[in-house]
Every structure is written in structure tokens, then in C-alpha cells.
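All values below were derived from every heavy atom in this structure, side-chain atoms included, with hydrogens, water molecules and symmetry-related copies excluded.
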Amino acid sequence: MFRSVEISVGIFVGIGLAALFMLAMQASNLSSFTNKGAYQVSARFDNIGGLTVKSAVKAGGVKIGQVSNIDYDSETFEAIVVMNIEDKFSRFPRDTIASIFTSGLLGEQYIALEPGGDIKLLGNESEIRFTQSAMVLEQLIGQFLFSKSENNE
Amino acid sequence: MTQALIQIRNLHFSRGQNKIFDGIDMDIHVGRITAIMGPSGTGKTTLLKLIGGQLRPDDGEIIVDGLNVHQLSRSELYKLRKKMGMLFQSGALLTDLNVFENIAYPLREHTNLSESMIRSMVLIKLQAVGLSTAHGLMPAQLSGGMARRVALARALALDPMMIMYDEPFTGQDPISLGVLVKLICETNKALKLTSIVVSHDVEETLSIADDVKIISQGKVVAQGTKKEMENSDSAWVRQFLDGQADGPVPFHYPGDSIEQQLLQDVR
Amino acid sequence: MKGIIHILARLGRGSIFLTKILSGIPQLFLRFSLVVQQLYSVGVKTLFITMVAGLFVGMVLALQLYYTLSTFGATDTLGMLVDLSLVRELGPVVAALLFAGRAGSALTAEIGLMKATEQLSGLEMMAVDPVDRIIAPRFLAGFISMPLLAGIFSAVGILGAYSVGVDLLGVDSGAFWSQIQAKVDFYDDVFNGIIKSIVFGFIVSWIAVFEGYDCIPTSEGVSSATTRTVVNSSLAVLGMDFVLTAIMYQ
């Protein structure tokens, strides 16, 4: 009698743990880019806009990593963004350009890496030198109005 | 007379506004069967719960085996309870365990006996109540009388010094009534127990009791040995033992008289 | 005024009772078979209703969201939206409500009947503390079962949404999963959902065993205590859900 109770409780706990495991691995981002040992590069931006930790890092539109840390350098007045990139995508040339884009008109912001032509590769924990800051909508509108009024004069 | 196992002194207890005990003094003597009788609703079961330490009195003390029950720490109280058996009206068997496991339960909880020892002890206790073949049944399959006998076997499992019976005779057919009377009487003699029987079944109770106490309206109204009680001419004793409808315990529930109530309705 | 005092007194009794239960839990690890037995009657018996309910909730969510999303051409995000709503809210909350209705009421009725038939008093007179042997294993089993049931509810719900969304309505299977993995965060969403269900399990189990233990030991008393368990624990779960959501996702 007690044996069957034990077995059914075992099945219950087993299904429960499997469900939690599925939620963790399959139905969330836990499986992707969590290992700290991944290939890590940093970049400096004048303005990162709405970029946050865990924002995507993409190359050619494919997600290859995520932002792991954002800091502000009070000497150079620049934002420092550290990204974790999966090991298998670790072969980026040294003159790669990192830009902050917005996915869609109102979507979230991500870093896009555009590889250059240099033969030498970016090492682990090196810094990307060529960057392009986020487009801030208010600045764009301001510039647009400014140029309009200049044209009108 | 032998020494008192239980001494109750000046016991007061009330439930809400209801005064149940209003200064009770009572001695219960070693090795004897004491019957506590009284009309329904006088708190006879409450008295057992007070002795067992399940309820706290408002005032007064209960001393069992030299220990004041309501000043004991939890572990001391539990130690004392192992020496007290109690037989509940419904049997109070654990419904999800079979008869064998029910009797084994206190042994498993309080002793480190081996499985074979437990098995033989349980079967001996069941044999004593005449149910050794019923050990595989579930409580739901037992009749009321059998459930009480199993509960008696369970109460005896830890070899207590005393057993309290709460209304053991209510709702039994004549045969199981006879069995229970015999069992209470024989276990008390064979195991040198002290028994307290709470009941209002006069005939059966008097047939086995050594001492009788009658409680009514929060007080002990009469007490003595069986002989003394049978020959007593106290109005209380006579009304209760002879089952008279009217007497010191009035036939009418106290309150306004019928004339006053009729008048009230008209108004 | 009398009603308020009555409620406060019950709350006080419930809290004192809770401390007694909690102090009885450590010794349960020596008698874990008691808990296993209760995991069966609390968890296993609630498993079926939880899985069926989860499946249907997931399927309905997929249908509803699909028609709304298709007007924006955003049906690829279907899986993500279903996953988020299940993992954050519906999984823990609906599973807890089902648990209160199925297991909570059964716990209250069982303990209440044990009280009414003097089994609890009987244990006390056998020098066995009924809180340690009867109440604590049931409480712990409820506490353990709840997060597992909520997880099962969400997982089955996602599979239900997958079957409707991908197999029936033609959402792309890869988009379904990749959107989920891109947008559902483990700590913010899944982990917070699990914490919610742990809190709900605690509350429902507590209310259920307390109502049973505190009931008036008659058949009317047991039945009204059972009703109170379902009503009170459902309200407590929904109220607590608001508080937790406010704390977790400020």
C-alpha cells in the first residue's frame, strides 16, 4: 500500500521538478549567455540612450550576446558598456564598430557589431574603439527643427 | 482506605458565562473503580479532560500521582499522560490506520521496541479484549462496541496506572454492553489499575463501581462507596439512581414559568 | 466592534498556531514518511486538476492573444506573451486557487473531522502532540507541493499554447520558442513566479490547517470551516498577489 503512495509521490515531484526545469531552461533566457567565462569586450559611448544590462548584442541581426555591465567613467565623461559574447562568435576584427540601435520604431535598444577588415582580432577583455552612440529622438527632432529654421533664413 | 491517586481540590471551571464546576473536591483511590455520575451536561467529560491536562481550570488544583497537573511543564505533562489511558466515547481511533497500527501507534511513538516485539505486544493486547483476529480491519469496518474495545487495547498498550472511561456504555447493544462491563472490571483487577468511569447508565455502572460520586450543577452532591450510595436516602442519590423525573434536579428547565410565557405571547 | 475583536482574536490564535507548526517542522525530517504520505493526499491528488486546468488556460490564452496579435502582425510574440502571463501571474495564482479548492478544503475537512471524532484529543492523551504529528506534516506537504503544482500548471499551459498556436494557428515554431527565450527573464519572471507560489503555498496551507484545527467540532462546524478555508485562502492569495507584484515589478 505504502509503496504505491511513494511511487506516485515520486512521479508528482518528478513532474514538478521537470516543469520547473523546463520553465528555467526552455521558457526563459537562463540557457542563453549566462556563463561569465564567455568572451568579453567593452566599448565606450557618449550616450547609450535606453540601453540596459541584458540588452541584446547582435551581429548581422543575430543575437550573439548581451550587455553584462554598464558604468560611467567620470574622467572622460563616457559610458562604458561591457558585453558578454558567446564563445563561438568570438572572432571579431579589431576595427569592429559598435553602434546602439533601436529595434523597430519604439522597440528596445541593442548593440549592433559591424565587423571591419582588420586581420588582427579583438582579444578577450579588449575594447572596441569605434563606436556610434544611441540616437536620441529628442535630439534628432531638435536638429531637424534647427536645420529647417536655418534653411528658411 | 487506600491512598488517593487523584486529589481534586476546590476546582472551578467555566465555559464563557457558563459555570461548569463550582468548587469540586474529590479523592480517587488507587486500585478502585470510581464511577462519576450525573445528569447530562454536568461536565463529566470536562472533568476527565481537566484531569488529563487538556483543559485548564479557572481555580483549584488537580493532583495526580503527587503531581499538580496544571503546573507541569509540557514534557512533564506528556510523561504523566503516558501513565494515563483514556477511552473516548467514540473510540477516537485514527481513521487512516488499521486496528493493528492503531494499537501499535503509542508503542512506536514512545518506545524503541523492535517490530517483532511490537507485534507480539499488540496481539496480546488485542487478545485481552477478544479481538486478536480483527487486527487487519480498518476503524470504519468496526461496530461501535468493537471500536471501544480496540480503543481500550490501545489505552492499555503503554501499561498505564489508570484509565479514564468516557461514557463507555452509551449506545451499545446488550451483548457488547456486557462485554465492556466485563472488560472494565477484569482489566482493573488483572492489571491493578485505577479506573474512572464517567457514565449515566446507572445499572451497568453500579454493577462494577467501588466508589460513586454524583455531580450536579457544578458540585459533588453525593459520594461514597457503592453500598453507602445504595442505602443512601439523600434526595439527589435517590432521584438519580432511581431515575425519578422530578426532584432536586427539576423536570422543568429553569426559567420563566409557563403562565408567564403564555402571557408574554399574548402581549 | 465585537466582529473586529473576533477577527483579531482569530488572527492571533492563527499566528500562535503557526509558530507551533513551524517549531514542529524540524523533527519531521526524521519522520519524512509522514510528509510523503501527505504529499500524496495533498499534491498527487491535486495534480490532475492542475494539469487539465493549465492545459485549457494555455490554449485559451493562445486563441485570445492570437486574434489580437494578428491585427498587428505580431503573432510571433504569442509564445512570449503566453509564457509571461502564465509564469508571472496565472501559474502561481490559478494553481493556488485550485489548490485551495481541492487540497485546502480537504485538509480542513480531514483535520476538522479528526477533531470532531476526538482523534486529536486521543493523540494528546497518548502523549503525542497532534500539531507535530498531524498538522505539521500536512502543512509542510502543502508548502512543498504548491511551487511544484504552479510550475506544472505553467509548463502544461505553455505546451497547450504551443499546440494551439503552432499546430493549429500556424505560428512559427522557432519564433515561438526564440521569442520566449529572448524576452522571458529567468530571475525577473520565472524565479519571481516561483517565489509567489511558495508564498501562496504557505498561506493556503496555513489557513487550511488552522481552520480545521480551530473549527467547532460538530458537522456544521466542519462544513463551515471548509467553506471559510476556500473563501479566505482565495482572497488571501489574490490580495497577496497584488502586494507581491507591487514589490517585485516596481
Side-chain angles (χ1 to χ4, degrees), chain A residues 1-36 50-68 84-86 101-112, chain C residues 32-33 35-48 50-51 54 74 77 79-80 82-84 86-88 91 95 141 144-159 161-162 176-194 197:
Chain A
M1 211 293 266
F2 193 70
R3 190 100 193 113
S4 66
V5 168
E6 276 179 344
I7 293 168
S8 53
V9 169
I11 294 172
F12 165 58
V13 175
I15 297 178
L17 291 179
L20 292 179
F21 184 75
M22 171 189 153
L23 291 181
M25 304 311 288
Q26 183 77 1
S28 79
N29 62 354
L30 188 66
S31 52
S32 43
F33 324 117
T34 44
N35 47 338
K36 282 275 182 283
L51 199 74
T52 59
V53 170
K54 287 182 184 162
S55 290
V57 177
K58 294 184 180 181
V62 179
K63 186 175 176 188
I64 56 164
Q66 65 181 11
V67 173
S68 68
N84 277 341
I85 294 172
E86 271 191 85
F101 289 142
T102 308
S103 55
L105 190 59
L106 298 167
E108 57 190 42
Q109 291 186 302
Y110 65 93
I111 296 181
Chain C
F32 209 72
S33 64
V35 183
V36 171
Q37 190 76 45
Q38 292 311 317
L39 275 173
Y40 175 75
S41 44
V42 170
V44 176
K45 287 183 177 169
T46 321
L47 182 60
F48 180 71
T50 306
M51 289 177 83
T77 58
M80 183 262 286
V82 170
D83 190 0
L84 277 183
L86 280 172
V87 162
R88 282 185 164 199
I144 295 173
S145 301
M146 194 64 253
L148 296 176
L149 289 169
I152 291 169
F153 185 96
S154 298
V156 173
I158 291 168
L159 296 178
Y162 182 88
F176 186 92
W177 290 119
S178 68
Q179 281 288 332
I180 286 180
Q181 288 173 6
K183 298 284 168 53
V184 181
D185 187 70
F186 179 72
Y187 292 101
D188 281 353
D189 302 321
V190 178
F191 193 67
N192 278 346
I194 294 174
S197 66

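- Interface residue C/Leu39: backbone and side-chain heavy atoms are both found under 4.5 Å from chain A.
- The candidate from C/Pro147, C/Gly79, C/Ser145, C/Ser178 with the greatest count of non-hydrogen atom pairs under 4.5 Å with chain A is C/Ser145.
- For chain A, the nearby part of C/Ile194 is the side chain; its heavy atoms alone come within less than 4.5 Å.
- The number of heavy atoms from other shown groups lying within 6.0 Å of CZ (A/Phe21) does not exceed 12.
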Ignoring hydrogens and angles, write down the donor-acceptor pairs under 3.5 Å from the side chains of residues 8-16 of chain A, residues two or more places apart or on other chains.
| residue | atom | partner | partner atom | Å |
| --- | --- | --- | --- | --- |
| A/Ser8 | OG | A/Ser4 | O | 3.1 |
| A/Ser8 | OG | A/Val5 | O | 3.0 |

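- Nearest heavy atom pair, residue C/Gln181 against residue A/Met25, reads NE2-O, 4.2 Å.
- Take C/Phe191 and apply the ring pair (Phe, Tyr, Trp, His ring centres under 6.0 Å) test, not counting sequence neighbours, and it matches no residue.
- With a threshold of 4.5 angstrom between heavy atoms, C/Ile152 approaches chain A through its backbone and through its side chain.
- Residue contact with chain A, scored on non-hydrogen atoms closer than 4.5 Å, involves the side chain of C/Val87 exclusively.
- For C/Asp189, no part lies near chain A; criterion is any non-hydrogen pair under 4.5 Å.
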